[in-house]
S.K.: 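Pasting a structure below so you can have a look.
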Protein chains: 2
Amino acid sequence: MEISERILLSAEELFFRYGVKSVTMDEIARELGISKKTIYQHFPDKDELVFQVVEKRMVKNRTDMVCSVGAGKNTVERVVLMNEVMRQMLSVVNPGILFEIKKYYPRAWQVFQKHMQEHVLIDTVADLRQGIADGLFRSEINVDVMARLRLKEIEFGFDNQWFPPNEYSLAQVQYEFMDHFLRGILTDEGLSVYLKHYPA
Amino acid sequence: MEISERILLSAEELFFRYGVKSVTMDEIARELGISKKTIYQHFPDKDELVFQVVEKRMVKNRTDMVCSVGAGKNTVERVVLMNEVMRQMLSVVNPGILFEIKKYYPRAWQVFQKHMQEHVLIDTVADLRQGIADGLFRSEINVDVMARLRLKEIEFGFDNQWFPPNEYSLAQVQYEFMDHFLRGILTDEGLSVYLKHYPA
């Protein structure tokens with residue numbers, strides 16, 4: 001593996017575990033057993049490093065989603081599977097990470113926002129349309145409004161001003177949002193498919 | 001009516017119609033047929049004026065809600081009535097207003113946020129608990145998480161980056177959010193009460 005690749009992976013791992021702000025270039029260098037100078041040869045500053053970590057992660061997320069989610073037999077199953085992927089990721093992630101990026105790393109935040117507004121929004125709209133076509137989601141819903149709401153919910157779950165990590169579990173909050181979102185759009189048929197996955 | 005009172009009312013009316021940023025102190029003075037100097041005798045700058053307009057409005061909103069909503073026979077009816085009050089207000093409001101305040105008038109934004117996090121959050125949690133007690137909302141919902149979600153939805157509806165006013169109607173978006181939110185938490189009994197108010 002190339003050294004720049006190794007730096008990105010190591011940085012991501014440390015960011016996920018400890019958050020972005022508190023991890024220094026020194027610590028990343030130490031983790032990899034290389035000098036800080038070597039890092040700076042590939043990434044002029046931490047800003048650029050954070051930017052590239054987020055960019056890489058967004059590409060990977062999309063591939064992961066497409067793969068794991070393709071396995072679902074119908075839209076409800078796919079959404080549930082998609083949420084499982086997210087939940088597994090969230091259970092290991094430092095809950096403050098997204099809001100640190102928003103606050104301190106505007107370029108990286110832009111990449112995240114762009115990814116959400118382009119790929120994730122388009123995928124979500126497509127999922128909602130498919131669910132309606134399959135009779136699982138109510139045909140009266142406004143797919144554009146609902147898709148935007150769903151995206152905002154995911155972002156909101158990371159907001160640790162509203163959900164302090166010592167009081168709320170990130171994975172649990174995201175689960176409650178997903179569960180509520182689905183129940184709000186399911187038809188009777190959709191609900192019975194859903195309940196097979198999450199027996200009360 | 002005192003002159004400071006009249007200035008506040010007139011400013012609010014102009015802000016609601018045209019947004020906050022584009023209305024000048026000159027225009028407020030002209031609307032009232034007074035000199036700009038008179039305004040500055042009561043409000044040292046536009047920041048302070050915006051701050052007091054928002055503060056006054058928050059107090060009024062709460063009174064309006066308590067009055068109109070008290071008429072509801074049950075929680076579902078109350079939520080629907082509450083939404084009607086909001087809808088009427090929104091239909092006359094400049095859709096960009098909330099995000100202008102967020103961006104340009106941080107003190108006024110703080111008042112709004114404080115109002116939401118204190119009064120509106122507490123009221124919403126109480127409504128959700130009451131609805132559960134009445135058998136209208138599912139008892140499995142996490143009231144703290146759902147109340148926060150509901151508040152965020154209202155704020156999100158005003159976000160004109162996600163909902164450009166030339167493509168989306170603010171009142172319609174808020175209606176879709178409320179409808180979806182309720183359906184996501186209603187029991188079967190709650191749903192039939194709700195559908196009596198909004199026949200499909």
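Within every chain, numbering begins at 1; the chains are lettered A, B, ... in the order of the sequence lines, protein sequences first and strands thereafter.
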S.K.: When only pairs under 4.5 Å are counted, which of A:Glu167, A:Gln117, A:Gln172 shares the most heavy-atom pairs with chain B?
M.R.: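 So the answer, after comparing A:Glu167, A:Gln117, A:Gln172, is A:Gln117.
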
S.K.: Check whether A:Arg148 reaches the backbone of B:Phe163 with its side chain - one donor and one acceptor, N or O, closer than 3.5 Å.
M.R.: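 Checked: no pair found.
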
S.K.: Report the option among B:Leu121, B:Ile141, B:Asp144 that has the most heavy-atom pairs separated by less than 4.5 Å from atoms of chain A.
M.R.: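 Winner by heavy-atom pair count: B:Asp144.
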
S.K.: Using non-hydrogen atoms and a 4.5 Å limit, figure out which bit of B:Leu151 sits close to chain A: side chain, backbone, both or neither.
M.R.: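 Side chain of B:Leu151 only, per the 4.5 Å heavy-atom cut-off to chain A.
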
S.K.: Which heavy atom in B:Glu176 sits nearest to a heavy atom in A:Met146, and how many Å separate them?
M.R.: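 Residues B:Glu176 and A:Met146, closest heavy atoms: O-CE, 3.7 Å.
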
S.K.: Going only through I, L, V, M, F, W and Y residues with side-chain contacts under 4.5 Å, is there a path from B:Leu49 to B:Val59?
M.R.: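 Per the 4.5 Å side-chain linkage, B:Leu49 and B:Val59 are not co-clustered.
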
S.K.: When clusters are formed by joining ILVMFWY residues with side-chain heavy atoms under 4.5 Å apart, either directly or through shared neighbours, do A:Phe51 and A:Ile3 land in the same one?
M.R.: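 Result: yes, single cluster for both.
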
S.K.: Nearest 0.5 Å, what's the CD-CD distance between A:Glu153 and B:Glu153?
M.R.: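 Here the interatomic distance stands at 6.5 Å.
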
S.K.: Are A:Leu136 and A:Leu191 connected into the same hydrophobic cluster when the rule is that any two of I, L, V, M, F, W, Y join if their side-chain heavy atoms are below 4.5 Å apart?
M.R.: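 Result: yes, single cluster for both.
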
S.K.: Classify the ring geometry of A:His180 against B:His180: parallel below 30°, tilted from 30° to 60°, perpendicular beyond 60°.
M.R.: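 Aromatic pair A:His180/B:His180 classed perpendicular.
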
S.K.: For residues A:Val54 and A:Tyr18: do they belong to one hydrophobic cluster (side chain heavy atoms under 4.5 Å, members Ile, Leu, Val, Met, Phe, Trp, Tyr)?
M.R.: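 As far as the 4.5 Å side-chain criterion goes, A:Tyr18 and A:Val54 are connected within one cluster.
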
S.K.: If I take atom CG from residue B:Leu149 and atom CG from residue A:Leu149, how far apart are they, to the nearest 0.5 angstrom?
M.R.: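 If I round to the nearest 0.5 Å, the distance is 7.0 Å.
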
S.K.: If you count every heavy atom of other residues, nucleotides or ligands that lies below 6.0 Å from A:Glu140 atom CD, does the total exceed 12?
M.R.: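 Counting neighbours around CD of A:Glu140, more than 12 heavy atoms of other residues, nucleotides or ligands fall under 6.0 Å, so yes.
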
S.K.: Please determine, among B:Tyr168, B:Phe177, B:Phe181, B:Trp162, the option with the most heavy-atom pairs under 4.5 Å with chain A.
M.R.: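 Most heavy-atom pairs under 4.5 Å with chain A: B:Trp162.
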
S.K.: Atom CD of residue position A:Gln110 - does it have more than 12 heavy atoms of other residues, nucleotides or ligands inside 6.0 Å?
M.R.: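 No, the 6.0 Å shell around CD holds no more than 12 heavy atoms from other groups.
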
S.K.: Group every Ile, Leu, Val, Met, Phe, Trp and Tyr by side-chain heavy-atom contacts under 4.5 Å, then state whether B:Leu9 and B:Ile97 land in the same group.
M.R.: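 Per the 4.5 Å side-chain linkage, B:Leu9 and B:Ile97 are not co-clustered.
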
